[in-house]
Amino acid sequence: MHDIRLLRDQLDLVRDAMRRRGKLDELGPLLDRAESLERDRRSAITELEAQQARRNKLTQEVGQLRKAGADATALMAEARAAGDAIAVLEQRRSEADAAVQQMLYELPNITLPEVPEGGESANTVVRAWGTPREDGASIKPHWEVGETLGIIDLPRGAKISGSGFIVYRGAGARLVRALMNMMLDIHTDEHGYEECWVPLVVNRASMTGTGQFPKFEEDVYAITGEDLFLIPTAEVPVTNLYRDEILEIGELPKGFCAFSACFRKEAGAAGKDTRGLLRVHEFDKVELVRYATPETSLDELERLTGHSEVILQRLGLPYRVVLLAAGDTGFSSAKTYDLEVFAPGVGKWLEVSSCSVFTDFQARRANIRYRPAPGEKPKFVHTLNGSALAFSRIIASILEHWQQPDGSVRIPDALQPYLGRAELR
RNA sequence: GGAUGGGUGGCCGAGUGGUUGAAGGCGCACGCCUGGAAAGCGUGUGGGCAUGAAAGUGUCUCGCGAGUUCGAAUCUCGCCCCAUCCGCCA
């Protein structure tokens, strides 16, 4: 969510930001109305407050008269009239307010200057690590290896839940557990994150705080009969840990890592990259969340992205870091790096992490502030998060990149102690 | 699910219709004191919005919403949340 003052004072800047996202056709009309919506809101406030001031004054005089035992009937009538006027103005104010609020909820964040404008085709690879295998033709896709090895059971996942729900079995189940432990150990022991274990079910305020709601409510699973929702990412509960709180400057930057299952409807995505583990309704992920000051948040994004990269390096998986173009950058994000791993069996780069800085966009929604110095006014923090990493696609990558000619799969050294074996066969 | 008790400022905690935005305490800031610190003493200190160049002024805010009233933190109704007990249960 933006500061309304930005739309008031720098509408052109907002308009240009929407253009760079390729959203001007969609959001231009909304922006055209912004000025009049905001003007309405402010004139409603001004008139309302004038009446309120008048009534407050009358009311006080009534009190004094009555205390003195005098007759206050005339003043009381006048105050009542002011009250009636206030009721009307209040209605107008709340309508104008809601209109502005709704507009603010619809507008995505403004991407930073270094983010290329345009859509997905303008994404740029900023660096790469490792060497992708080129013998893809001889490599079986992960769903075949997984089935052969008896570690992934897609048919039974579909039977008990539906397409897009995975059953891991035997060493596959243990692989999930191993990945969780390895990632969390590295982030806590080496990168200094505080580990936390959060609810998978959150309320509406939390979903609104991180930007999922109101715009993307149809993308998440809701609990019938309750105003509760399954999280699409641990970003939601972890970022909302400090919703409506004021942090002390000494607490920043602050970093959390959390393992969680993630639930996504993925409606409308049918047919695209849906084989095997590539796009599923429920997957596991270790998430990193950081709270920072505006001064350091950009550096924090680099740091956070680096933390995610460490995991890929330990797993020996070749990857590239992609700076997303404005049009491909998520609604709440100001700048996003995707980490993509090459999966030679399917011949594709798989997005296994998305690391973003949200500037104050989420903090304003979730009302997360910090006090820059003792006695100073609170300011909004900057929030960041990144996957480190999403399991299902990592498992797919491991099964393909580390696949041996005989169909077995070598386990990366760093993972071996956690899995308790050096290969899957 | 049932019962009871609660939701007040950064935190704790008074306050049952009229200068109460809110006593007191903690914390924090500044000053005094001190060789320096602690303690002690003094002063100050919520957040949002509108307006204004600023100082300031106005307004809202005591979980949320509606109602009663000239006037609500305070009375009424509905809702939400928290705690405890009972029930159920991994």
Side-chain angles (χ1 to χ4, degrees), chain A residues 1-9 34-104 197 199-209 213-214 222-229 237 240-252 254 261 291 293 360 363-381:
Chain A
M1 188 165 70
H2 300 292
D3 188 340
I4 182 64
R5 274 168 290 207
L6 194 64
L7 279 94
R8 196 189 297 166
D9 304 334
E35 197 183 359
S36 76
L37 285 178
E38 167 63 357
R39 196 172 342 103
D40 285 352
R41 186 182 75 91
R42 287 198 285 164
S43 77
I45 288 173
T46 308
E47 289 178 40
L48 171 64
E49 291 189 354
Q51 285 302 313
Q52 285 173 328
R54 187 167 149 249
R55 182 183 65 181
N56 287 345
K57 198 170 179 189
L58 289 168
T59 288
Q60 221 163 347
E61 288 172 26
V62 169
Q64 285 165 1
L65 280 181
R66 297 193 68 155
K67 201 176 270 180
D71 174 53
T73 325
L75 280 183
M76 280 163 65
E78 208 180 325
R80 174 180 276 280
D84 292 344
I86 286 168
V88 172
L89 289 166
E90 224 157 35
Q91 176 73 18
R92 197 181 127 205
R93 199 272 317 266
S94 82
E95 280 167 14
D97 233 13
V100 169
Q101 188 67 23
Q102 196 189 336
M103 172 185 69
L104 290 176
W197 193 277
L200 307 180
V201 173
V202 297
N203 57 28
R204 181 170 294 276
S206 294
M207 284 293 199
T208 306
F213 285 10
I223 310 270
T224 307
E226 316 252 344
D227 208 29
L228 295 171
F229 310 88
N240 277 282
L241 283 175
Y242 287 89
R243 170 154 49 81
D244 293 323
E245 294 195 36
I246 298 175
L247 299 163
E248 292 307 321
I249 182 74
E251 298 180 72
L252 297 173
K254 199 179 193 54
Y291 294 74
T293 60
D360 62 2
R364 179 170 282 109
R365 287 178 166 241
N367 193 28
I368 307 167
R369 294 174 293 174
Y370 74 101
R371 210 174 284 285
E376 273 190 44
K377 290 264 183 205
K379 291 172 66 179
F380 291 112
V381 302

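Just so you know, these numbers use all the heavy atoms, side chains as well, and skip hydrogens, waters and symmetry mates. We name chains A, B, ... by the order of the sequence lines, and we start the count at 1 in each one.
- In this structure, Arg42(A) does not reach the rG52(B) phosphate: none of its side-chain N or O atoms is under 4.0 Å from OP1 or OP2.
- Base pairing analysis places rG87(B) opposite nothing; no Watson-Crick or G-U wobble pair with both distances below 3.5 Å involves it.
- When heavy atoms are screened at a 4.0 angstrom cut-off, Ile45(A) is found touching the sugar-phosphate backbone but no base atom.
- Heavy atoms of Asp227(A) sit nowhere under 4.0 angstrom from any nucleic acid atom.
- For Gln52(A), the listed nucleotide lying nearest its side chain is rC60(B); candidates were rA50(B), rG18(B), rC60(B).
- In this structure, Arg80(A) atom CZ and rU68(B) atom C1' are separated by 10 Å, rounded to whole Å.
- One can place CG of Leu89(A) at 15 Å from C1' of rC60(B), the figure rounded to the nearest angstrom.
- A straight line from NZ of Lys67(A) to P of rG17(B) spans 13 Å, rounded to a whole angstrom.
- Nearest nucleotide to the side chain of Thr59(A), out of rC70(B), rG47(B), rC60(B): rC70(B).
- Between the Asn240(A) side chain and the Ser206(A) main chain, a donor and an acceptor come within less than 3.5 Å of each other.
- In this structure, CZ of Arg243(A) is placed 13 Å from P of rC81(B), rounded to the nearest angstrom.
- The two residues Ala44(A) and Arg92(A) have their closest heavy-atom pair at N-NH2, 3.7 Å.
- The separation between Gln91(A) atom CD and rA66(B) atom P is 10 Å, rounded to whole Å.
- At the heavy-atom level, Arg66(A) lies under 4.0 Å from base atoms of the strands shown.
- The base-pairing partner of rG35(B), taking Watson-Crick or G-U wobble contacts with both distances under 3.5 Å, does not exist among the strands shown.
- Phosphate contact (OP1/OP2 of rU59(B), side-chain N/O of Asn56(A), threshold under 4.0 Å): present.
- Enclosure of atom CD in Glu35(A) is not indicated, since only 12 or fewer non-hydrogen atoms of other residues, nucleotides or ligands lie within 6.0 angstrom.
- Minimum interatomic distance between Leu37(A) and Val100(A) (heavy atoms only, all atoms of both residues): O-CG2, 3.8 Å.
- If you check every strand for non-hydrogen atoms under 4.0 Å, Arg8(A) touches sugar and phosphate atoms only.
- Separating the CZ atom of Arg93(A) from the C1' atom of rC60(B) is a distance of 8 Å, rounded to the nearest angstrom.
- Distances from the side chain of Arg55(A) to the nucleotides rG10(B), rA50(B), rG71(B) place rG71(B) closest.
- In this structure, of rG18(B), rC60(B), rG58(B), it is rG58(B) that holds the atom nearest to the side chain of Glu49(A).
- Here the P atom of nucleotide rC64(B) and the CZ atom of Arg204(A) are 19 Å apart, to the nearest Å.
- Within the nucleic acid shown, Arg369(A) comes within 4.0 Å of sugar-phosphate atoms alone, with no base atom in reach, counting heavy atoms only.
- Remark: P of rA50(B) and CG of Asp9(A) are 11 Å apart, rounded to the nearest angstrom.
- Among the protein residues, Leu58(A) comes within range of no part of the nucleic acid, since none of its heavy atoms lies under 4.0 Å from any strand.
- Using a 4.0 Å heavy-atom distance criterion, Lys377(A) is classed as a sugar-phosphate-only contact.
- Counting all heavy atoms, side chain and backbone alike, Ala85(A) lies closest to Gln51(A) at CB-OE1, 3.9 Å.
- Counting any heavy atom pair closer than 4.0 Å across all strands shown, Arg41(A) reaches sugar-phosphate atoms only and no base atom.
- Counting non-hydrogen atoms under 4.0 angstrom, Arg5(A) reaches the backbone sugars and phosphates but no base.
- Distance alone, capped at 3.5 Å, places no donor-acceptor pair between the Arg41(A) side chain and the Asp97(A) backbone.
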